[in-house]
Amino acid sequence: MSSTVIGQRTPTALIVGASRGLGHAMAAEFLGRGWSVIGTVRDTSARTPLHELADRAEGRVTIEHLDINEPDHLAPLHERLAERRLDLLFVNAGTTNSERTPIGAVTTADFVEVMITNALSPMRVIEALEDLVSPTGLVGAMSSGQGSITNNTTAGREVYRGSKAALNMFMRSFAIRQAETQRAVVLMAPGWIRTALGGPDAPFTVEESVPLLVDVLLSQLGTPGLAYLDRSGRTVPW
C-alpha cells in the first residue's frame with residue numbers, strides 16, 4: 001500500500017528517533033510520498049535536520065519530545081497524540097559499545113546502556129503508544145541482521161548483537177499478543193549503512209537505503225503478523 005492516501009485521508013507515520021540519520025531520512029521519505037509525519041527528538045534545545053524538514057513541510061511534520069530511555073516521557077506524549085490516528089509507528093533507536101570487546105569483558109554499565117536503549121526502551125515505547133495505531137496499521141522497530149542468531153558466523157559486536165536478538169524476541173511476544181488484530185508487525189534489518197552508528201566504512205549510503213526500507217514497510221501494510229525483513233524485503237532467519 002504505497003499510495004499517498006488511505007481511504008481518502010492522508011496517512012500518518014510516527015517515527016521515534018527522527019532528529020537525524022536514518023530516522024530523519026525515513027521521515028523525509030514518508031513526507032515525499034504524501035504522508036504526514038510525527039517525528040520525535042531527544043534534545044529540545046538543539047535545532048536538528050528534522051526541524052529543517054518541518055520548516056519546508058507546510059504543516060505535515062510535527063515534532064515531539066521523547067527520550068526513549070525516560071519512561072516518564074511516554075504518558076505525556078500519548079496524551080499529546082491522543083487525537084491523532086497513526087497508520088505506522090516505527091521506533092528507530094540504537095547504540096553500541098566497542099565492537100571488539102568480548103562479552104565477558106564488557107562492563108556492566110555498557111551492557112545495561114546498550115540493552116536498555118536497543119531492547120527495553122523500544123518495547124516500552126511500542127507498548128505505550130500501540131493503541132494509537134490503526135487496527136490495520138503497522139508497528140515496527142529497527143532491528144539488525146546482527147540480531148540473527150542463525151547468521152552469526154563471525155562474532156564481534158556481541159552486546160549489540162545480543163540486544164537486537166533480545167528486541168526480536170520481545171517483538172515476537174508482542175506480535176503474539178496482537179494476533180487478534182490485522183496489524184503488521186515488522187522488524188527491519190537495514191544492512192550496514194553509513195550513519196553515526198554504522199561508521200564511515202559501511203557500504204551503503206542513507207540516500208540509497210531509506211527508499212528501500214520504506215518500500216518494505218509499505219509493502220507490509222495490510223499483512224497481519226510478524227515479519228523480520230531485510231532492505232530487499234527478504235526474510236531474515238531468526
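If you read the sequence from its start, that first residue is 1, and numbering goes on from there.
Under a cut-off of 6.0 angstrom, the local environment of CZ in R60 is crowded, with over 12 non-hydrogen atoms contributed by other residues, nucleotides or ligands. Within a 6.0 Å radius of CZ in F174, other residues, nucleotides and ligands contribute more than 12 heavy atoms.
Listed by chain and residue number, H73 satisfy the ring-ring contact (aromatic ring centres under 6.0 Å, His included) test with H65 (two or more places apart in sequence, or in another chain). With sequence neighbours excluded, no residue satisfies side-chain hydrogen bond (donor to acceptor under 3.5 Å, both in side chains) with T223.
Interatomic distance, CD of E113 versus OG of S163, reported as 11.0 Å (0.5 Å rounding). The distance from the CG atom of D67 to the CG atom of D72 is 11.0 Å, given to the nearest 0.5 Å. Distance CG/L213 to CG/D215: 9.0 Å, rounded to 0.5 Å. For the atom pair CE (M188) and CG (D230), the distance works out to 6.5 Å, reported to the nearest 0.5 Å. Interatomic distance, NE2 of H51 versus CZ of R56, reported as 13.0 Å (0.5 Å rounding). To the nearest 0.5 Å, atoms CZ (R20) and OG1 (T48) are separated by 6.0 Å.
Transitive grouping of hydrophobic side chains (ILVMFWY, heavy atoms separated by less than 4.5 Å) brings L89 and F170 into a common cluster. Using a 4.5 Å cut-off between side-chain heavy atoms of Ile, Leu, Val, Met, Phe, Trp and Tyr, with links allowed through other members, L31 and L86 fall into different hydrophobic clusters. Under a hydrophobic-cluster definition in which Ile, Leu, Val, Met, Phe, Trp and Tyr are linked whenever side-chain heavy atoms come within less than 4.5 Å, directly or via other members, V37 and M142 are assigned to the same cluster. A continuous path of Ile, Leu, Val, Met, Phe, Trp and Tyr side chains, each step under 4.5 Å between heavy atoms, connects L88 with I63, placing both in one hydrophobic cluster. Using a 4.5 Å cut-off between side-chain heavy atoms of Ile, Leu, Val, Met, Phe, Trp and Tyr, with links allowed through other members, L132 and V186 fall into different hydrophobic clusters.
Shortest non-hydrogen contact noted between P135 and T181 is O-CB, 4.3 Å. The two atoms that bring S232 and V216 nearest to each other are C-CG2, 4.2 Å, heavy atoms only. Nearest approach of K164 to S144, heavy atoms of both residues: CG-CB, 3.9 Å. Minimum heavy-atom separation, T117 to P122: O-CD, 3.2 Å. For I15 against G23, the heavy-atom pair with the smallest separation is CG2-O, 3.8 Å. Minimum heavy-atom separation, P190 to R231: O-NH1, 3.3 Å.
At distances below 3.5 Å, at least one donor-acceptor pair connects side-chain atoms of R161 with backbone N or O atoms of G156. A donor-acceptor contact shorter than 3.5 Å links the side chain of E158 to the backbone of I103. Y228 places no side-chain N or O within 3.5 Å of a backbone atom of A189 that could act as its donor or acceptor partner. The backbone N or O of W35 lies less than 3.5 Å from no partner atom in the side chain of T10, so there is not a single donor-acceptor pair. Between the S121 side chain and the I116 main chain, a donor and an acceptor come within less than 3.5 Å of each other.
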Review point. Would T136 and S134 satisfy side-chain hydrogen bond (donor to acceptor under 3.5 Å, both in side chains), going step by step from the backbone distance to the final call?
Key: CA-CA 5 Å; T136 57; S134 164; 3.1 Å; yes
Exercise for review: Run the numbers on L217 and L138 for side-chain contact (heavy atoms from CB on, under 4.5 Å), then give the verdict.
Suggested key: CA-CA 8 Å; L217 292 174; L138 183 148; 4.2 Å; yes
Review point. Would E64 and L81 count as a side-chain contact (heavy atoms from CB on, under 4.5 Å) if you check the C-alpha gap in whole Å, the side-chain angles of each, and the deciding distance to 0.1 Å?
Key: CA-CA 9 Å; E64 292 286 353; L81 298 180; 3.9 Å; yes
Exercise for review: Mind running side-chain contact (heavy atoms from CB on, under 4.5 Å) on V16 and F90 for me, showing each step along the way?
Suggested key: CA-CA 6 Å; V16 175; F90 191 84; over 6 Å; no
Exercise for review: Evaluate side-chain contact (heavy atoms from CB on, under 4.5 Å) for L129 paired with V125, printing each intermediate quantity in order.
Suggested key: CA-CA 6 Å; L129 303 180; V125 172; 3.9 Å; yes
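Side-chain contact between W238 and I149 is absent, with no heavy-atom pair separated by less than 4.5 Å. Using a 4.5 Å cut-off on side-chain heavy atoms (C-beta onward), V159 and D110 make no contact. Within the 4.5 Å cutoff, side-chain heavy atoms of E130 are placed close to those of Q178. Counting heavy atoms from C-beta on, the side chains of H78 and D131 come closer than 4.5 Å. Between L74 and R124 there is a side-chain heavy-atom pair separated by less than 4.5 Å. No side-chain heavy atom of L120 sits under 4.5 Å from any side-chain heavy atom of M115. Counting heavy atoms from C-beta outward, L167 and N118 have side chains that stay 4.5 Å or more apart. Counting heavy atoms from C-beta on, the side chains of R157 and T96 come closer than 4.5 Å.
With salt bridges taken as basic N to acidic carboxylate O contacts below 4.0 Å, one links R177 and E127. One finds no salt bridge joining R183 and D87 here, because no Lys/Arg side-chain nitrogen approaches an Asp/Glu carboxylate oxygen to under 4.0 Å.
Exactly one residue among L14, I38, T40 makes a side-chain contact (heavy atoms from CB on, under 4.5 Å) with T62. That residue is I38.
A cation-pi arrangement is absent between R33 and F30 under the rule of less than 6.0 angstrom and at most 45 degrees off the ring axis.
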